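These notes are about the structure you will find just below.
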Protein chains: 2
Amino acid sequence: MAFDILRSDGLDGLTMRTLAAKLGVAVTAIYWHVGDKQALLDELVDRIIAEVGEVRVTGGSPADRLLSIGRSLRQNLLDQPNLVALVHRQGRTPVLFLPAQRVVAEELTNAGLHGADAARAVHAFLRLVIGSVILERTEQRSPDQRETVEELWARERLSLHSTLAEHLARPVDRDELFEFSLSALVRALVTQPAPPWPASSAQSYNAT
Amino acid sequence: MAFDILRSDGLDGLTMRTLAAKLGVAVTAIYWHVGDKQALLDELVDRIIAEVGEVRVTGGSPADRLLSIGRSLRQNLLDQPNLVALVHRQGRTPVLFLPAQRVVAEELTNAGLHGADAARAVHAFLRLVIGSVILERTEQRSPDQRETVEELWARERLSLHSTLAEHLARPVDRDELFEFSLSALVRALVTQPAPPWPASSAQSYNAT
DNA sequence: ACCTGAACACCGTTCAAGT
DNA sequence: ACCTGAACACCGTTCAAGT
């Protein structure tokens, strides 16, 4: 019931009083059953995670299967913006990682990764997917000052390659961008020869 | 003044009444000067963007310079969690992209990218940085149910390579993970072998 | 055990009224 | 032009009181 209100009206529409009204009960009855609002939202978050976290896996190669996991998870989250918003507002975003972790880990193991490398890959993968969704969600909700961006890049055309400025002034194709970033990461993860990453980057990391 | 309250006490600590009290003035006086709270927060967001958006660039090669931009931007945002939280809560997260866009575009141009490819690279780069920060911010704020993750992976050890399960049960080194993801993306973006001292990219300001 | 009503402290906001 | 005080509608929450 609280779930329905949240899904349709968002977190702002879900108050103890509106919920009580929809239940045909006094406001204070909720406190006896659930506890305070924090407890109510915690229960909701747990249900959301279970509902929205399951992913479908398709494809033959490990790389393809990883991409399908990323797409599936992203679509689940984008389909329920109000639910994802609540999870994030409650500071529970990390739990969004949990349901898909196992299946991602499995695919990466199949791709030949093990130990710390595989764990890092799991985290990098899920972080990219969920971070993308959270940004996209706020972009959708705010058409924002698109004219400001265009203004900005109209003035920039002298100092930069003009076609780049033109493209930056245009709206983003989020699907394509997600596909691009995720593909780049997956390609970096499942290429067999271990890149000389830890040693070389430890230098540049301490450089600043 | 509202800025100081926000920085120290977060958005929850910034009410019209606490602000008025700190200003030594009646609550309603704020409405005459600023308008309603939405207008107040909008002004704050604009100031935050200006303050937190500037990045420092170091390094010789385009790839190194891109990495330094990413690190610098990330650190700025992580240093002011309450400010970033407000920007996000206001749905203005996209504006976090603006200040760094120009300098990232410049470096990618120097790296030999143009037009749509360069624009996509700009967006992918900034999205990874800002998405990472937003996730890290909520992770920091909630130690969460770390025991749940360990439980989960304790049970998983049979079906997966055991060292992977062990590593996944451990907390994440966020600095290392960010470095890993960003490096992978940058490597995917700047396809060229990138000699340590490219004479060509030194000439970045020649006329078009 | 389960629910109600009154009450409290806190919001953002409006508006007539003061200077 | 600038500020105040009272008032309103809305929160979450507590608690004694009902059945």
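All heavy atoms count here, side chains included; hydrogens, waters and symmetry mates do not. All figures in this text were calculated on a predicted structure; none of them were measured in a lab.
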Quiz prompt | Separation between CG of L135(B) and CD1 of I134(A), rounded to the nearest 0.5 Å | solution = 5.0 Å
Quiz item: Donor-acceptor pair, D64(A) side chain versus G59(A) backbone, under 3.5 Å?
Solution: no
Quiz item: How many angstroms lie between atom CG of L83(B) and atom CD1 of I48(B), to the nearest 0.5 angstrom?
Solution: 4.5 Å
Quiz item: When all nucleic acid strands are considered with a 4.0 Å heavy-atom cut-off, which category describes T15(A): base, sugar-phosphate, or nothing?
Solution: sugar-phosphate
Quiz item: If you take all heavy atoms of V55(A) and S72(A), which pair is closest and at what distance?
Solution: CA-OG, 3.5 Å
Quiz item: Starting at CE of M16(A) and ending at P of dA9(C), how long is that distance when rounded to a whole Å?
Solution: 20 Å
Quiz prompt | Over all atoms of both residues, closest heavy-atom pair of Q101(A) and V122(A) | solution = CG-CG1, 3.9 Å
Quiz prompt | Distance, rounded to the nearest Å, where R17(A) contributes CZ and dT4(C) contributes C1' | solution = 14 Å
Self-check item: Salt-bridge contact R102(A)-E106(A) (side-chain N to carboxylate O under 4.0 Å)
Solution: yes
Quiz item: If you look at every heavy atom in A119(A) and L164(B), which pair is closest and at what distance?
Solution: N-CD1, 3.4 Å
Self-check item: Whole angstrom value for the distance that separates P of dC11(C) from CG of L11(B)
Solution: 12 Å
Quiz item: Hey, can you pull the residues of residues 29-38 of chain B with a non-hydrogen atom under 4.0 angstrom from DNA chain C?
Solution: Y31(B), D36(B), K37(B)
Quiz item: Out of dT4(D), dT13(C), dG5(C), which has the shortest distance to the side chain of T28(A)?
Solution: dG5(C)
Quiz prompt | Atom-pair distance (CG on L19(A); C1' on dG12(D)), nearest Å | solution = 13 Å
Quiz item: Can you tell me how far CG of L168(B) sits from CZ of R120(A), rounded to the nearest 0.5 angstrom?
Solution: 12.5 Å
Quiz item: According to a 3.5 Å limit on both distances, what stems of 3 or more consecutive Watson-Crick or G-U pairs are formed with DNA chain C?
Solution: C:4-8 with D:12-16, C:12-16 with D:4-8
